[in-house]
Amino acid sequence: MRTKLFLALSLAAAPLLASWGDCPNSAPRSAALPVAGATKITVIGRAGSLKVMGRAGAGEVRASGTACASSRGDLADIQLRATRSGGEIRIEAEIPDISGSWFGERRLDFEVSLPANVPVNVIDGSGELTIENTGPLDVEDGSGELTIRRVNGNLSVTDGSGAMTIDDVTGNVRIRDGSGSIDVHRVSGSVMLNDGSGSVDVEDVGGDFIVESKRSGQVSHERVRGRVDVPRRR
């Protein structure tokens, strides 16, 4: 009897689990605004992958991607919005809250193309995040793998969890991280780090490398031209 009951429950749950993994309901999403006069660009992602790519001479901020939902009824609520307030352009993913739901998926995977010389602020919830070829950059990331390459200016990163890779920054780098490995290579300025757990590998730094706090995990560094300050393990 128990075997039959387990089989019945498994068969009933199978379509729900398949829908969660396959995400059968999807639709394209896009948004854009001209960049003339913009002094700051803010990109807000929530659930789903996000790529932000700077391009020299770009005349607009353009976002495009795919909305995905287990339920067709939820698909219309997943949108990309482009708005402007003064000198700030904002690209934002709108995704309904799924807290308290056992099954189902709602996400928006999208890419943003923007000028390479305008300061950028990226706020992301969960999912893989890749940022390349931007001006001065501030990043707030919840969870998921984070890759940042070619930043022309200072970089500030606040990250919850997940592996982090940072390459080629012309200014200073400041990192506040919860957990996950951190790899930083080729920074013209200094690197300042507050880290929870996970390995840290830093190479080719033109300024100082300062670890202000570190709970656990190995810290290694090579070719740092300035001062190195790493807390001793107790």
Side-chain angles (χ1 to χ4, degrees), residues 16-33 35 38 40-54 60-85 88-114 118-134 136-149 151 155-166 175-180 182 196:
L16 293 173
L17 292 172
S19 296
W20 184 86
D22 298 338
C23 200
N25 302 293
S26 62
R29 297 287 184 260
S30 63
L33 280 175
V35 77
K40 179 182 179 181
I41 299 170
T42 297
V43 179
I44 302 175
R46 290 187 166 85
S49 65
L50 171 59
K51 293 182 179 180
V52 179
M53 303 293 176
E60 65 178 1
V61 179
R62 176 170 291 277
S64 61
T66 302
C68 182
S70 300
S71 169
R72 182 171 294 277
D74 293 332
L75 196 59
D77 294 328
I78 304 174
Q79 297 290 335
L80 266 176
R81 304 293 185 193
T83 58
R84 182 162 187 160
S85 177
E88 180 186 12
I89 291 176
R90 180 180 291 246
I91 301 291
E92 183 169 3
E94 294 183 353
I95 302 175
D97 186 19
I98 61 172
S99 59
S101 176
W102 283 15
F103 298 103
E105 182 176 16
R106 302 170 183 89
R107 73 172 189 265
L108 180 51
D109 302 321
F110 68 106
E111 299 185 11
V112 180
S113 175
L114 45 76
V118 178
V120 179
N121 181 27
V122 177
I123 303 170
D124 190 43
S126 62
E128 183 178 358
L129 172 59
T130 302
I131 306 170
E132 295 184 1
N133 197 35
T134 71
L137 176 63
D138 289 329
V139 179
E140 298 177 36
D141 184 42
S143 62
E145 184 176 354
L146 171 60
T147 303
I148 299 172
R149 302 187 183 98
V151 176
L155 168 64
S156 175
V157 179
T158 300
D159 184 54
S161 62
M164 181 190 311
T165 302
I166 296 172
I175 299 170
R176 301 172 185 85
D177 183 59
S179 63
I182 300 174

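Computed over heavy atoms, backbone and side chain alike; hydrogens, waters and symmetry mates excluded.
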Salt bridge (Lys or Arg N to Asp or Glu O under 4.0 Å) partners for [X], two or more places apart:
X      : value
Glu132 : Arg149, Arg150
Glu60  : Arg62
Glu94  : Arg81
Arg90  : Glu88

Problem - Chi angles and distances behind the side chain to side chain contact (heavy atoms under 4.5 Å, CB included) call for Leu114, Val35 - result: CA-CA 8 Å; Leu114 45 76; Val35 77; over 6 Å; no

Reported [atom1]-to-[atom2] distance for the pair [X] and [Y], which is rounded to 0.5 angstrom:
X      : Y      : atom1 : atom2 : value
Met164 : Ile182 : CE    : CD1   : 4.5 Å
Leu50  : Ile123 : CG    : CD1   : 11.5 Å
Leu33  : Thr83  : CG    : OG1   : 7.5 Å
Ile91  : Arg84  : CD1   : CZ    : 11.5 Å
Arg107 : Cys68  : CZ    : SG    : 4.0 Å
Ile131 : Ile148 : CD1   : CD1   : 5.0 Å

Which atom names give the shortest non-hydrogen contact between [X] and [Y], and what distance separates them?
X      : Y      : result
Ile95  : Leu108 : CD1-N, 3.7 Å
Ala31  : Ala82  : CB-CB, 3.7 Å
Phe110 : Ala63  : CD1-CB, 4.3 Å
Ala69  : Ile78  : CB-CD1, 4.0 Å
Val43  : Val112 : CG1-CG2, 3.9 Å

Side chain to side chain contact (heavy atoms under 4.5 Å, CB included) partners for [X], two or more places apart:
X      : answer
Ala27  : Arg29, Leu75
Val118 : Ile41, Pro115
Asp141 : Asp124, Leu129, Val139, Leu146, Asp159

Problem - Pairs satisfying salt bridge (Lys or Arg N to Asp or Glu O under 4.0 Å), at least one member in residues 63-80, at least two apart - result: Asp74-Arg106

Handout entry: side chain to side chain donor-acceptor pair (under 3.5 Å) against Ser113, all qualifying residues, sequence neighbours excluded
Key = Arg55

Fill in the blank from the handout: Sorted by chain and residue number, the side chain to side chain donor-acceptor pair (under 3.5 Å) partners of Ser156 (sequence neighbours excluded) come out as none

Practice task
Take Val157 and Asp177 through the side chain to side chain contact (heavy atoms under 4.5 Å, CB included) test and state the conclusion after the steps.
Solution key: CA-CA 8 Å; Val157 179; Asp177 183 59; over 6 Å; no

Exercise for the section: Carefully, step by step, assess Arg46 and Glu92 under the rule side chain to side chain contact (heavy atoms under 4.5 Å, CB included). Expected result: CA-CA 9 Å; Arg46 290 187 166 85; Glu92 183 169 3; 3.0 Å; yes

Exercise for the section: For the pair Ser70 (side chain) and Glu105 (backbone), establish whether a donor and an acceptor sit closer than 3.5 Å, ignoring hydrogens and angles. Expected result: yes

Handout entry: Backbone of Thr42 reached by a side-chain donor or acceptor of Asn121 within 3.5 Å
Key = no

